[in-house]
Each structure stands twice: as C-alpha cells, then as structure tokens.
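Below is one structure, written out as structure tokens; the observations come after it.
The model shown is predicted, which means the values in this text are computed figures rather than measured ones.
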Number of protein chains: 2
Amino acid sequence: MVHDADHAEQCIKLVPIFQTLSDAERAQIAPLVQHRHYASGESVFAAGDIVGSLMIVAHGQVKITQIAANGKEQLLYLLNPGDFDGEAALFTASTRQNFGTALAATDVCMIRRQDFQKQLQTSPQLALNILNAFGQRLASVAEQSTQATTASIEERLANYLLETAGDQTDEFKLPMKKKDIASYLGTTPETISRKFRDFTDAGLIEKLAVNRFRILDADGLALIE
Amino acid sequence: MVHDADHAEQCIKLVPIFQTLSDAERAQIAPLVQHRHYASGESVFAAGDIVGSLMIVAHGQVKITQIAANGKEQLLYLLNPGDFDGEAALFTASTRQNFGTALAATDVCMIRRQDFQKQLQTSPQLALNILNAFGQRLASVAEQSTQATTASIEERLANYLLETAGDQTDEFKLPMKKKDIASYLGTTPETISRKFRDFTDAGLIEKLAVNRFRILDADGLALIE
DNA sequence: TAAAAAAATTGATTGAAATCAAGAATTCCA
DNA sequence: TGGAATTCTTGATTTCAATCAATTTTTTTA
C-alpha cells in the first residue's frame with residue numbers, strides 16, 4: 001500500500017508543469033495534492049460536473065470524450081501518466097463539458113481550484129508552464145480538427161498509426177480498442193477493420209499478435225491521401 | 001489620421017484580457033503596443049514565421065487557416081475586433097503553424113513576446129485572463145472537431161447559420177464567402193450551394209439579397225441531423 | 001475453464017457528399 | 001462602364017464510408 005504523500009510526490013515528479021519549478025515552490029504544492037483511485041471503466045468525471053480540481057494522472061489511463069448535439073460520442077484525447085486535465089474549465093466554465101473514463105486501474109492526483117489559483121498568483125513560472133501546456137493541447141486539437149475536415153479516413157488512420165508507433169520500429173501495441181480508435185478518428189469499427197486489412201494486404205503493416213503490430217513501410221503510410 | 005497612442009488605447013479597451021486589469025497595469029501595457037495596418041487580402045503572417053508578437057485585431061477581420069499535410073486548407077476561425085492570436089505559439093512553438101490573412105482593411109496591435117512575458121511575471125491577473133481566453137478557444141476548437149467528426153454537413157451548416165445569425169432575427173449578413181464557409185465546415189462550395197437551396201426550399205431560411213438572409217424557422221434548423 | 005458478453009471481422013447494400021463539367025451571376029478593376 | 005476574373009449555381013456521375021446483418025474471435029467472469 002502506497003501512502004498519499006508518496007502519491008503526491010510521484011505526481012509532482014511526473015507532471016511537466018511542475019518540473020521546472022524551484023524546490024521551494026514544489027514543497028509548497030506537495031501538501032495541496034490529494035490522491036484518488038479509479039477502477040477500469042469507472043467514470044472519473046462527467047459533463048455537468050462542477051470543476052473543483054485540476055486532475056493529474058499518476059498511473060493508468062483516462063479517456064476524454066465529448067458528446068455532440070446529436071448524441072454521438074467522440075474521443076478527444078487520452079491522458080497518460082503525467083498528463084493533466086481540467087485546466088481549461090478551471091478558468092472558464094464552471095462545469096465540465098466532457099467525460100473522463102478510466103481505461104485501466106488508474107491513480108489520479110487532484111489539486112483544488114482555489115489552492116491552485118492561489119499558487120498561480122505567487123508563481124509566475126507555474127503560470128507560464130500552464131500556458132505552455134495549454135498551447136500544446138490547443139495545437140493538437142486544432143490539428144485533429146484540420147485532419148477531420150480535410151483528410152480521408154485512410155489518411156487519418158495512417159497518421160494515427162505512425163504517431164502511435166513513434167520510434168518503435170520493432171513492434172507497438174495499440175493503446176485503445178478499435179472501437180475507441182474509430183471514435184477518435186470519427187469513423188466506425190467496421191471501417192477501421194477494413195483499413196487494417198487493406199494496409200496489411202498492401203504490405204504496409206504486419207499483425208504480430210492481438211493489438212500488436214509492426215510498421216513495414218512507414219514511407220508508404222505517410223504517402224497515403 | 002489616427003495616432004499610434006490612440007490605437008494602443010483602443011486595443012487595450014477592446015481586448016477582454018486587458019479589461020479587468022487595474023488602471024496602473026493598463027498604463028504599464030499601453031506603451032508596449034505597436035500598431036500596424038493591412039489591406040484586404042494581405043498576409044498578416046504565414047506558417048513558418050517566427051512568433052514575435054501577440055496580435056490583437058483593433059478593426060477589420062483576419063482569417064486564420066491551417067494547411068493539412070495533403071495541402072488542403074481549412075479555415076480555423078475568424079478574428080474580429082477584440083480577438084487576438086499568437087498566444088498559443090507565444091509560449092510553445094517558436095514558429096507559426098498557421099496563416100493569417102486580412103479579409104478587409106484591418107488594423108492590428110502587436111505586443112512583443114519579451115514585453116508580454118515580462119508583463120506576465122508581474123501581473124498574475126493577466127495570466128489568469130489569458131488562461132481564461134485559452135480555455136474558451138480550446139473549448140471552441142474541441143467543439144469544432146467534434147462537429148466535424150460526428151455531424152453531417154447539413155447539421156454543421158445549420159449550426160453555423162444559427163451561430164452567425166445570433167440574436168439577429170430580422171436579417172444577417174454572411175461574414176465570409178461561400179468558399180470560405182465550405183473550407184470552415186470541411187466541405188465544397190458546391191455542397192454549400194445545394195444545402196442553401198435545400199434550406200430555402202424547406203422554408204427554413206429566406207434569401208433577402210446577395211449574402212443576406214433571414215432565418216424563418218430556427219427550431220427547424222436546430223433539429224437537423 | 002466453460003459460458004456469456006463484448007469486440008472484431010466480413011459481406012451486401014445504401015447513401016451522402018466529392019468530383020467533374022458547364023453555364024450564370026457577381027465582383028473587380030482598368 | 002464594360003470586359004475580365006472570380007465566385008456561385010446546377011446537373012450528372014462516381015466514390016468513399018455508413019449502415020445493416022451475420023459470423024468469428026477475444027475477453028470477461030461466474
């Protein structure tokens with residue numbers, strides 16, 4: 001059993017926005033951190049919830065989804081250890097606009113809104129770090145939006161595979177179910193399934209095991225339109 | 001001819017992020033503001049440019065576009081007087097990821113990166129205001145992304161018209177060309193043209209003049225899926 | 001570990017929107 | 001103001017991906 005203080009320390013160590021702070025500043029933040037555990041499939045927060053805290057993923061994985069007016073769900077992004085969420089709503093809307101669901105057994109750390117805002121007032125460096133992180137997420141969502149409106153499903157899946165594989169040239173594991181990939185890319189599981197088959201037939205990728213693949217022709221994937 | 005100092009004052013008055021600052025803080029910022037004019041169609045900035053400044057639109061209109069890997073262009077958003085841009089890249093990337101083009105004769109105000117960051121160090125309220133604005137833009141881009149991946153073109157156009165009309169129940173002017181609307185919604189001018197005809201035939205909207213419309217059945221538009 | 005549930009695959013069909021093409025309406029500008 | 005350039009509209013056709021339906025595979029759990 002891990003103690004809360006250890007969790008707090010782990011979160012602070014993990015999160016990029018805290019990494020460049022001075023020891024003194026980090027020491028100030030540590031006691032503000034609270035810890036929470038969620039089982040796989042459990043809801044971390046739901047749209048309409050009051051945003052009371054900044055949430056940091058210490059261990060596990062959380063998916064952030066948004067429900068469109070017509071009731072359809074889109075997966076916006078995944079939070080991995082070190083990623084955080086709630087900053088957006090923490091300063092603007094008072095209620096959540098989206099859903100967070102644990103995809104695995106997940107530990108999160110929370111810093112309450114008022115504690116965090118107070119900390120911001122005295123730490124300009126923290127504010128800059130947050131602005132930095134914000135900018136990155138904004139760029140990533142803008143990129144997602146542009147892809148969704150200009151690229152074919154095939155191109156989007158190819159890009160997704162290249163991103164997911166990263167520098168892992170040997171093999172990589174799909175971090176989510178095909179159903180979730182479909183939701184992320186704005187398509188259906190059937191179409192994802194067919195495209196995987198097409199890519200395999202074309203010698204672009206190779207299936208090694210369930211959810212494990214290897215990219216055989218990265219250039220070919222990148223050329224897909 | 002308007003003087004630069006007047007422009008600076010106008011910008012500071014216009015922009016939400018400056019509005020809640022103290023008089024003392026605003027007085028500090030005013031001398032940092034530089035003014036610039038662009039003719040309609042002129043490029044305000046291009047992808048690859050070094051982000052040297054926060055840009056505030058004082059008068060006119062600027063469209064922000066992004067070019068996808070396949071070369072297709074998407075219109076991301078329009079900047080109207082009081083809107084600003086560059087905050088994202090100001091803290092993260094050193095070069096622009098998108099394009100800004102003046103759609104009309106446009107006056108913008110600029111605050112240089114280092115001046116702005118210095119100001120941030122001494123004004124926590126300014127940081128909070130920026131975070132606030134960031135949050136709103138993130139929510140709006142996320143919404144755009146969700147619409148693009150889950151809604152039909154018809155639904156997206158209907159929502160766009162409702163947003164554009166706002167509370168103007170009598171008539172409203174389309175703020176951009178059909179070509180740009182198509183780019184914004186991720187479709188083609190032909191499809192936009194057809195949907196406008198369909199909406200008119202269905203008695204949902206009425207064309208009053210070139211680019212001028214009236215919404216006849218807002219509820220009907222909102223119900224489109 | 002066997003049964004049930006969930007996820008993934010495959011095929012057949014439909015449908016929404018892109019593309020191609022040509023003409024009409026607007027806007028630009030010399 | 002009149003001709004050129006751009007934008008818009010309409011029609012015909014094609015294409016990509018959704019939907020519907022039926023298995024098969026994988027995962028969960030009792």
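Taking atom CG on D180(A) and atom C1' on dT27(D), their separation rounds to 15 Å, with Å as the unit. We find that CG of L185(B) is positioned 18 Å from P of dA16(C), with the value rounded to whole Å. For the pair L157(B) CG and dC8(D) P, the interatomic distance rounds to 13 Å; values are reported in whole Å. As a whole-Å value, the separation of L174(A) CG from dA7(C) P is 15 Å. For the pair R212(B) CZ and dA25(C) P, the interatomic distance rounds to 22 Å; values are reported in whole Å. Distance, E225(A) CD to dA17(D) C1': 18 Å, rounded to whole Å. Distance K179(B) NZ to dA25(C) C1': 16 Å, rounded to the nearest Å. At whole-Å resolution of the value, CD1 in I181(B) and P in dC8(D) are 8 Å apart.
Around NZ of K177(B), the count of heavy atoms belonging to other residues, nucleotides or ligands within 6.0 Å does not exceed 12. Taking a 6.0 Å sphere around NZ of K179(B), one finds it holds 12 or fewer heavy atoms contributed by other residues, nucleotides or ligands. Enclosure of atom NE2 in H59(B) is not indicated, since only 12 or fewer non-hydrogen atoms of other residues, nucleotides or ligands lie within 6.0 angstrom.
Residue G186(B) is classed as a sugar-phosphate contact, given heavy-atom separations below 4.0 Å to backbone atoms only.
Of the candidate nucleotides dA17(C), dA7(C), dC8(D), dA17(C) has the atom lying nearest to any side-chain atom of I153(B). Distance from the side chain of K177(B) is smallest to dT7(D) among dA17(D), dT7(D), dA17(C).
For dA17(D), neither phosphate oxygen OP1 nor OP2 lies less than 4.0 angstrom from any side-chain nitrogen or oxygen of T188(A). Between K195(B) and dA17(C) there is a side-chain N or O to OP1 or OP2 distance below 4.0 Å.
Checking R156(A) against N211(A), the closest nucleotide of DNA chain D that is more toward the 5' end is the one next to R156(A).
Cation-pi check for R137(A) over Y77(A) is met; the charged atom lies under 6.0 angstrom from the ring centroid and within 45 degrees of its normal.
Ring centers of Y160(A) and Y184(A): under 6.0 Å apart, within the cut-off.
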Short N/O separations, protein against nucleotides 9-12 of chain D, under 3.5 angstrom:
| residue | atom | partner | partner atom | Å |
| --- | --- | --- | --- | --- |
| dT9(D) | OP1 | K178(B) | NZ | 3.3 |
| dT9(D) | OP2 | K178(B) | NZ | 3.3 |
| dT9(D) | OP2 | S193(B) | OG | 2.8 |
| dT9(D) | O5' | S193(B) | OG | 2.9 |
| dG11(D) | OP2 | R197(B) | NH1 | 3.4 |
| dG11(D) | N7 | R194(B) | NH1 | 3.0 |
| dG11(D) | O6 | R194(B) | NH2 | 3.4 |

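The aromatic rings of F213(B) and F196(B) sit tilted, their planes meeting at an angle between 30° and 60°.
The existence of a salt bridge linking D107(B) and R36(B) is excluded, since no basic side-chain nitrogen approaches an acidic carboxylate oxygen closer than 4.0 Å.
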